[in-house]
Amino acid sequence: MAKRVAARAQVLAVVKANAYGHGVERVQHALPDADGFGILELEGAVAMRKRGFAGPILLLEGFFAREEIPVLAANRLATVIHARSSCACSRRIVPRNRSMCT
């Protein structure tokens, strides 16, 4: 529907709580036309990338530890910054010209 109204728009399918028990993998296969996915849990986002999904993946819960930032980068995951502590953490790790926060 969205693509009919706005042909150039991209659609992110939002999957939370392991698709309420159905599993992220099943949802990924059920929605082949989604341009990308918004996933709540880091583990589900990484698993989707490992299954070969190359499109955008947005981690909706953000990250909670600085050790997660390399995982985000290695898997090309975008993330939500919802706390000042996450923003400060990213500034210490990510080079200034590539900061996750502005």
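Along the sequence shown, residues carry numbers from 1.
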Q) Going by heavy atoms in the side chains, are Leu42 and Glu68 under 4.5 Å from each other? A) yes

Q. Can you list every side-chain hydrogen bond (donor to acceptor under 3.5 Å, both in side chains) pair that touches residues 42-53, not counting sequence neighbours?
A. Gln28-Arg51

Q: Return each pair, listed once, that meets ring pair (Phe, Tyr, Trp, His ring centres under 6.0 Å) where at least one residue sits in residues 5-26; pairs must be two or more places apart or across chains.
A: none

Q: Hey, could you give me the CG/CD1 distance between Leu58 and Ile39, rounded to the nearest 0.5 Å?
A: 9.5 Å

Q: Provide the closest heavy-atom pair for Leu12 versus Gly38 in the form atom of the first, atom of the second, distance.
A: CB-N, 4.5 Å

Q: Measure across Pro56 and Asp35 and return the closest heavy-atom pair with its distance rounded to 0.1 Å.
A: CD-O, 3.0 Å

**Q.** Heavy-atom closest pair, residues Leu59 and Leu40
**A.** CD1-O, 3.4 Å

**Q.** Pairs touching residues 23-56 that satisfy ring pair (Phe, Tyr, Trp, His ring centres under 6.0 Å), sequence neighbours left out
**A.** Phe37-Phe53

(Q) Less than 4.5 Å apart, side chain to side chain, heavy atoms only: is that true for Asn18 and Val24? (A) yes

**Q.** Val46 side chain near Ile57 side chain, heavy-atom distance below 4.5 Å
**A.** no

